[in-house]
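Taking it in order: structure first as structure tokens, then the write-up.
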Protein chains: 2
Amino acid sequence: MTATAPLPREDGRGGRIRQQQECAILQAAEQVFARAGFQGATMAEIALRAGLPKSNLHYYFGTKAEVYRAVLGHILRLWLAETDCITPDADPREALGHYIAAKMRLTAERPDASRVFANELLHGAPEIGDYLRGELRTLVADKAQVIEGWIAAGRMAPVDPVHLFISLWALTQTYADFETQVCAVLGRPQLGPEDYRRATAHVQALVLRGCGL
Amino acid sequence: MTATAPLPREDGRGGRIRQQQECAILQAAEQVFARAGFQGATMAEIALRAGLPKSNLHYYFGTKAEVYRAVLGHILRLWLAETDCITPDADPREALGHYIAAKMRLTAERPDASRVFANELLHGAPEIGDYLRGELRTLVADKAQVIEGWIAAGRMAPVDPVHLFISLWALTQTYADFETQVCAVLGRPQLGPEDYRRATAHVQALVLRGCGL
DNA sequence: TGAAAACCTGACCAACTGGTCAATTTTTGA
DNA sequence: TCAAAAATTGACCAGTTGGTCAGGTTTTCA
């Protein structure tokens with residue numbers, strides 16, 4: 001019922017200023033949502049971090065849910081990619097190794113994105129359920145067939161391909177989502193590049209050997 | 001500043017009624033916290049599910065944080081156990097296989113507990129950080145030594161034991177914490193016993209082979 | 001049996017938070 | 001240069017929620 005925000009043409013860019021501000025807002029929002037979840041996050045804090053008054057924030061995004069959806073949208077784009085290397089002709093060992101490294105890099109570089117995503121899933125994915133059951137499922141089904149092909153050709157051990165993807169996601173994301181626990185048992189104050197290198201090597205070794213590669 | 005609730009002697013049981021009510025409350029609270037997280041959960045909903053008026057809920061637990069801590073306490077007790085089978089003399093293959101099965105059973109039987117725990121970790125474990133860096137870390141360090149022993153004796157492939165534990169937790173809990181995503185890619189409306197059986201077999205196969213067992 | 005302890009509850013409140021709005025300033029582009 | 005569009009902002013509001021409290025009922029147990 002508000003005529004305040006003339007909604008940026010989703011396609012073309014809005015004004016120069018709008019682009020800048022929206023970017024700052026989404027960056028701030030990702031942090032806040034990651035730390036506090038949807039309910040725990042407040043518009044006031046997002047505004048504060050983005051460096052503008054709350055009412056200005058509402059000028060760009062009508063509701064908190066709108067900000068949240070925008071943040072999730074950004075994150076989903078990151079999630080889809082990275083499976084390119086999994087093709088029938090690729091070398092299974094190299095393809096899976098690359099995929100693991102890529103996912104782990106994403107986890108290390110954008111832990112907040114991972115956490116927002118995790119939080120959304122944890123609460124039943126009310127916002128992105130359709131995407132999961134649509135695009136993501138299709139993508140996984142495709143890649144699963146590739147892996148079935150590798151198995152049928154005797155190029156790797158028989159492994160349920162869909163469960164394998166679930167495992168890969170779990171193994172990599174856990175380092176961002178549950179960083180506190182990981183740090184605790186590793187006895188580190190926080191995860192650094194060296195920790196991520198070790199984690200990547202460990203997951204690769206475990207999974208590749210687990211797939212008979 | 002309230003003298004209302006004469007705090008149940010933590011040690012001995014409070015009155016018969018108190019025990020019953022507290023149990024009902026904690027059960028309800030686990031569900032609510034699992035679905036909504038700490039901030040999203042409301043005392044009103046917990047009370048409703050427990051079948052008593054909100055003010056009565058406040059008679060047993062002074063604050064929401066107190067309820068939350070009690071729920072987490074229950075859950076931590078579940079988490080600690082299950083590693084008993086990992087001992088120097090045990091057969092690595094059987095010990096790890098059992099551990100995976102046990103953790104997966106816990107995940108299947110108490111998914112809400114897993115989700116509350118996951119949520120707490122996701123938000124930086126403000127409540128149980130000390131436990132993680134204390135008891136849990138010690139336990140893991142102990143068990144890691146056992147595994148190092150197995151490796152040194154050539155009874156399994158060289159795997160970083162601490163990262164192995166992190167992997168095992170991730171692989172099992174993911175089926176509760178991110179059930180929505182798992183269901184989506186598996187094309188199932190919800191996970192049933194058969195799904196958990198398959199998941200267990202998959203994780204066991206992957207990890208055991210991954211450990212050269 | 002009777003009084004103290006434990007338990008129960010509706011009414012109430014203060015703080016917080018998402019969101020609105022009218023008025024003002026800045027930017028744009030013809 | 002100047003008017004229309006875009007951007008900014010402080011004041012404000014209504015709904016929600018955690019928590020309080022005074023007074024009542026039930027249970028316990030000596």
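In what follows, chains are A, B, ... by sequence order, proteins preceding strands, each numbered from 1.
On a pure distance criterion of 3.5 Å, no polar donor-acceptor pair joins the side chain of K64(A) and the base of dG19(C). Taking only distance into account, the side chain of T63(B) never meets the base of dG19(D) through a donor-acceptor pair shorter than 3.5 Å.
Scanning for ring pair (Phe, Tyr, Trp, His ring centres under 6.0 Å) contacts around W79(B) gives F117(B), W169(B), with sequence neighbours left out.
Among the nucleotides dC8(C), dA11(C), dG18(C), the one closest to any side-chain atom of N56(B) is dC8(C). Closest to the I17(B) side chain, of the nucleotides dC8(C), dG18(C), dG19(D), is dC8(C). Looking at the side chain of R16(B), the nearest of the listed nucleotides dG19(D), dT28(D), dT9(C) is dT28(D). Listed candidates were dT9(C), dG18(C), dA11(D). Nearest to the side chain of S55(A) is dA11(D).
In this structure, H58(A) places its NE2 atom 17 Å from P of dA11(D), rounding to the nearest Å. In this entry the distance linking CG of L52(B) with C1' of dT25(D) reads 16 Å, nearest Å. In this structure, the CD1 atom of I25(B) is 12 Å from the C1' atom of dC7(C), given to the nearest Å. When rounded to the nearest whole Å, the span between CE of M43(B) and P of dA15(C) equals 19 Å. One can place CD of Q20(B) at 13 Å from C1' of dC7(C), the figure rounded to the nearest angstrom. Following rounding to the nearest Å, Y68(B) (OH) and dG18(D) (C1') show an atom-to-atom distance of 17 Å. For R18(B) and dC8(C), the CZ to C1' distance is 12 Å, given to the nearest whole Å. Separating the CZ atom of F61(B) from the P atom of dT20(D) is a distance of 15 Å, rounded to the nearest angstrom.
At the phosphate of dC7(C), OP1 or OP2 sits under 4.0 Å from a side-chain N or O atom of Y59(B). Note on Q39(B): every side-chain N or O is 4.0 Å or more away from OP1 and OP2 of dT17(D).
Each of L57(A) and K54(A) was matched to the nucleotide of DNA chain D holding its nearest heavy atom; the match closer to the 5' end belongs to L57(A).
Using a 4.0 Å heavy-atom cutoff across all strands shown, A65(B) reaches no nucleic acid atom at all. Looking at heavy-atom distances under 4.0 Å, T42(B) makes contact with sugar-phosphate atoms alone, never a base.
Contact check on E66(A) versus R69(A) returns no salt bridge, with no Lys/Arg side-chain nitrogen under 4.0 Å from an Asp/Glu carboxylate oxygen.
The cationic atom of K143(B) (NZ for Lys, CZ for Arg) does not lie both less than 6.0 Å from the six-membered ring centre of F165(B) and within 45° of the ring axis.
Between Y175(B) and H163(A), the ring centre distance stays below 6.0 Å.
With a 4.5 Å cut-off on side-chain heavy atoms, V185(B) and L132(A) do not count as touching.
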